[in-house]
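Presented below is the structure to which this report refers.
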Number of protein chains: 2
Amino acid sequence: MALEHAILVSLLEKPGSGYELARRFERSIGYFWTATHQQIYRVLKRMESEGLLAVRELSQQSRPDKKEYSVVGPGRTALSQWLHESIQPESMRHELAVKIRGAAFDDPSVLIREVERHRQVHIDRLAHYLAGELRDFTGPAAPTPLDAGQELQHVVLRGGIAYERMTIAWLDDVLATLRRLGTSPPHV
Amino acid sequence: MALEHAILVSLLEKPGSGYELARRFERSIGYFWTATHQQIYRVLKRMESEGLLAVRELSQQSRPDKKEYSVVGPGRTALSQWLHESIQPESMRHELAVKIRGAAFDDPSVLIREVERHRQVHIDRLAHYLAGELRDFTGPAAPTPLDAGQELQHVVLRGGIAYERMTIAWLDDVLATLRRLGTSPPHV
DNA sequence: TCCTCATATGCAACTCGTTGCATAGCCAAG
DNA sequence: CTTGGCTATGCAACGAGTTGCATATGAGGA
């Protein structure tokens with residue numbers, strides 16, 4: 001159900017089209033909730049038919065027309081209601097960890113490249129987050145003081161930064177372990 | 001596709017029934033991959049029909065019969081093949097983060113209890129992981145030296161521990177932010 | 001005796017999410 | 001002038017995951 005709520009939050013922050021939402025889900029919102037454009041278009045249509053959103057068809061010059069969605073009363077109420085409900089803490093879904101345990105039944109060194117690749121992705125994400133933090137929250141161009149919405153966006157971004165740092169450190173640990181096992185006598 | 005591979009890993013570590021796998025997915029394997037018993041039974045049946053697993057019907061006294069699954073040749077090959085493929089790094093799914101950003105459009109203090117509840121869950125998980133680490137890997141009752149499989153299980157568990165510690169620290173940050181905003185003048 | 005709990009397996013219906021494909025307008029480069 | 005790229009929206013089919021329900025055995029307690 002959370003895609004619906006992620007869309008409400010994003011559209012309250014700023015109205016936009018399905019295409020624009022899909023872009024936001026590649027940055028910003030997408031740091032902690034992902035969705036493809038097909039999913040977004042489908043849910044937007046449903047939410048509009050349920051009266052949570054309003055559409056405005058905008059003809060643009062030099063571009064195809066778009067439909068701009070914005071949150072209306074019942075949508076705001078739905079979000080508020082959801083905020084008052086409790087959700088259950090995240091359950092893990094870490095495919096790489098499954099692979100690492102699986103490596104016991106093959107040659108552990110086959111995973112070294114894979115783990116290095118993941119490590120690089122997380123390093124890039126961290127750099128991206130840090131640049132965003134500087135631009136929007138802690139740099140000289142950032143507004144001072146931050147309003148409540150910006151403070152909350154910032155604390156979520158700090159979570160992303162902490163997650164990437166933790167992950168990079170862990171992947172270093174994994175690499176050290178795989179390399180150590182690689183030089184030991186084989187097993188199984 | 002990863003449920004299939006998580007099952008292969010778990011059954012290679014030790015053969016077992018659907019019920020037993022479901023239990024393992026509540027501990028151990030479940031720390032980084034979750035599944036319900038319905039999902040497990042369905043996939044076991046499919047994997048058996050594809051020749052990845054073998055079944056043995058065991059009649060037990062004082063308990064209903066069970067079907068014990070174990071990995072056979074093609075299953076081992078399938079796992080090995082998967083280990084050589086590359087997967088794409090995890091995409092986040094953090095519902096609480098959506099809520100935190102959404103709190104900008106309601107009273108941020110409504111989230112304080114919710115975040116405190118999540119924090120407690122993570123503290124409990126951390127304690128549980130640390131107890132498991134002591135029991136299986138670092139305590140006096142642990143085998144020395146550890147074999148490759150145990151080393152790999154340990155490094156995965158260290159990842160879980162690092163994740164929980166990071167999350168608890170972040171939730172403290174979130175709580176401090178929510179409390180600070182709660183004492184500021186309202187917004188929106 | 002009846003109820004509940006733990007073991008053990010499964011179906012049916014549903015929602016959520018992914019993948020591949022299709023369409024269409026306009027721009028810029030070759 | 002054709003091709004590729006970006007904006008913009010959408011269908012169809014499939015696969016993954018959840019929820020509710022159903023069934024059966026046997027243990028232990030009220």
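Numbers restart at 1 for each chain; the letters A, B, ... are given by sequence-line order, proteins then strands.
Listed by first and then second residue, the salt bridge (charged side-chain N to carboxylate O under 4.0 Å, His left out) pairs involving residues 145-155 of chain A are Glu151(A)-Arg180(B) (not counting sequence neighbours).
We find that CD of Glu4(B) is positioned 12 Å from C1' of dG15(D), with the value rounded to whole Å. Remark: C1' of dG17(D) and CZ of Phe25(B) are 13 Å apart, rounded to the nearest angstrom. In this entry the distance linking CD of Gln39(A) with P of dT19(C) reads 11 Å, nearest Å. Rounded to whole Å, atom C1' of dC14(D) lies 13 Å from atom CZ of Arg46(B). The separation between Glu95(B) atom CD and dC16(C) atom C1' is 13 Å, rounded to whole Å. Glu50(B) has its CD atom 11 Å from the P atom of dG15(D), to the nearest Å. Per the geometry, CG belonging to Leu3(A) stands 17 Å off P belonging to dG17(D), to the nearest Å.
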Subject >> Contact pattern, 5' to 3', of nucleotides 4-12 of chain D - B, S or - by protein heavy atom under 4.0 Å >> reply: ---BBBBB-
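At dA16(D), none of the side-chain N or O atoms of Arg93(A) fall inside 4.0 Å of OP1 or OP2 (strictly under the cut-off).
Ring geometry for His5(A) versus Trp82(A): interplanar angle under 30°, hence parallel rather than tilted (30 to 60°).
Residue Leu79(B) is tested with Leu8(B), Ile7(B), Leu52(B), Leu11(B) for a side-chain contact (heavy atoms from CB on, under 4.5 Å); the sole match is Leu8(B).
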**OP:** Tell me, with the steps shown, if Lys99(A) and Glu95(A) meet salt bridge (Lys or Arg N to Asp or Glu O under 4.0 Å).
**Re:** CA-CA 6 Å; Lys99(A) 274 200 172 189; Glu95(A) 209 171 348; over 6 Å; no
Original post:
Does the salt bridge (Lys or Arg N to Asp or Glu O under 4.0 Å) test come out yes or no for Arg179(B) and Glu116(B), once each step is laid out?
Top reply: CA-CA 12 Å; Arg179(B) 292 197 173 108; Glu116(B) 280 170 345; 2.5 Å; yes
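Cation-pi geometry between Arg93(B) and Trp33(A) is met: the NZ or CZ atom falls under 6.0 Å from the ring centre, inside 45° of the normal.
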